[in-house]
There are 2 protein chains.
Amino acid sequence: MPDEEEIFDLAELFKIFGDSTRMRILFALFDHEICVNDLAEILSMTQSAVSHQLRILKSAHLVGSRREGKSIIYFLADEHVRTIIDQGREHIEE
Amino acid sequence: MPDEEEIFDLAELFKIFGDSTRMRILFALFDHEICVNDLAEILSMTQSAVSHQLRILKSAHLVGSRREGKSIIYFLADEHVRTIIDQGREHIEE
DNA sequence: CCAACATATGAACATTTATTCATATGTTCA
DNA sequence: TGAACATATGAATAAATGTTCATATGTTGG
């Protein structure tokens, strides 16, 4: 049994995957990096809503970002993101 | 990009991992199956609260249950649960 | 430097959700 | 069968969270 802090952190991590909007953002970033505005268009969402969610994703190190001119480009942070999502998809197929 | 329904289901699945109480229950069941009352004691929780959460875990097929006398024994449903949690833990170690 | 563009942020509101309390359902054993 | 035990469930309350609207911050090109 891990200590309470690790359990809490784990729950916080999965909580971030537990929202359709964030999941859609993650999928949009699966193959290629995208800037905020394009994300908003692709997902038919407000720029503000996207930005709020990106902030959450970034704070959990699920995505990273870099500036490119006026835009800020977001991308998936590491392979764990893909693995976790893939495992989730496998679980659903049953 | 998966269809909206799959994304929704995925988010719903991860939402279930995204709660400390449920995560604690899952860890308690990691090594051996346990009945509701024992879970409540181990986790210092109300029997009612545990039962409510077990219901959610079971509806997502993360745990299974069987009756044994007066008690009902709960156990982890499949290996995906362990894999998903393990991947989450790996992600945190950084 | 300033106008236009791109993103971030804060407050407010609405919705979701975990827990508690009371009670119902279901099982065993005398 | 009835009492005692084990679990489930429903309603109510409190807390957490996603979106919107308005606005701030930051960058580029003229």
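Below, chain A is the first sequence line, B the second, and so on; all start at residue 1.
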Notebook entry, point to check: Could you give the CG-to-P distance, from Asn37(B) to dT28(C), as a whole number of Å?
Noted result: 16 Å
Checklist line | Rounded distance in Å - CD1 (Ile72(B)) to P (dG26(C)) | finding: 11 Å
Note to self: Just the rounded figure in Å: distance from P of dA11(C) to CZ of Arg55(A).
What the structure shows: 12 Å
Note to self: Reading DNA chain D from 5' onward, which residue's closest nucleotide shows up sooner: Arg22(A) or Lys70(A)?
What the structure shows: Arg22(A)
Check: What is the distance from CZ of Phe17(B) to P of dT17(C), rounded to the nearest Å?
Finding: 16 Å
Next item on the list: Give a yes/no answer on whether the side chain of Thr21(B) brings an N or O atom under 4.0 Å of OP1 or OP2 in dA18(C).
Entry: no
Notebook entry, point to check: Which part of the nucleic acid does Ser71(B) contact within heavy-atom distance under 4.0 Å: base, sugar-phosphate only, or nothing?
Noted result: sugar-phosphate
Next item on the list: Name the nucleic acid region contacted by Ser51(B), choosing base, sugar-phosphate or nothing; use a 4.0 angstrom heavy-atom cut-off, strictly under.
Entry: base
Note to self: Applying side chain to side chain donor-acceptor pair (under 3.5 Å), can you list everything that pairs with Ser59(B), at least two apart in sequence or on another chain?
What the structure shows: none
Check: Has Lys15(B) got a side-chain N or O lying under 4.0 Å from the OP1 or OP2 atom of dT16(C)?
Finding: no
Note to self: Looking only at the side chains, is there a donor atom on one of His80(A) and Glu90(B) sitting less than 3.5 Å from an acceptor on the other?
What the structure shows: yes
Next item on the list: Please indicate whether Glu94(B) has more than 12 foreign heavy atoms, meaning atoms of other residues, nucleotides or ligands, lying under 6.0 Å from its CD.
Entry: yes
Note to self: Please identify the 5'-most and 3'-most nucleotides of DNA chain D with any atom under 4.0 angstrom from a heavy atom of chain A.
What the structure shows: dT17(D) to dT28(D)
Checklist line | Distance test, side-chain N/O of Gln47(B) to OP1/OP2 of dT20(C), below 4.0 Å | finding: no
Item checked: side-chain contact (heavy atoms from CB on, under 4.5 Å), paired with Val81(B), selected from Leu57(B), Leu76(B), Val63(B) -> Leu76(B)
Check: When we call it a touch if two heavy atoms are under 4.0 Å apart, what does Ile56(B) touch: a base, just sugar-phosphate, or nothing?
Finding: sugar-phosphate
Note to self: A cation-pi test, strictly: NZ or CZ of Arg82(A) under 6.0 Å from the centre of the six-membered ring of Phe30(A) and no more than 45 degrees from its axis. Yes or no?
What the structure shows: yes
Note to self: Tell me every residue that passes side chain to side chain contact (heavy atoms under 4.5 Å, CB included) with Ile42(B), counting only those two or more places apart in sequence or in another chain.
What the structure shows: Ile34(B)
Next item on the list: State the pairing partner of dA4(C); accept Watson-Crick or G-U wobble contacts with both distances under 3.5 Å, and report none otherwise.
Entry: dT27(D)
Notebook entry, point to check: At their closest point, which heavy atom of Ile16(A) faces which heavy atom of Arg22(A), and how far apart are they?
Noted result: O-NE, 2.7 Å
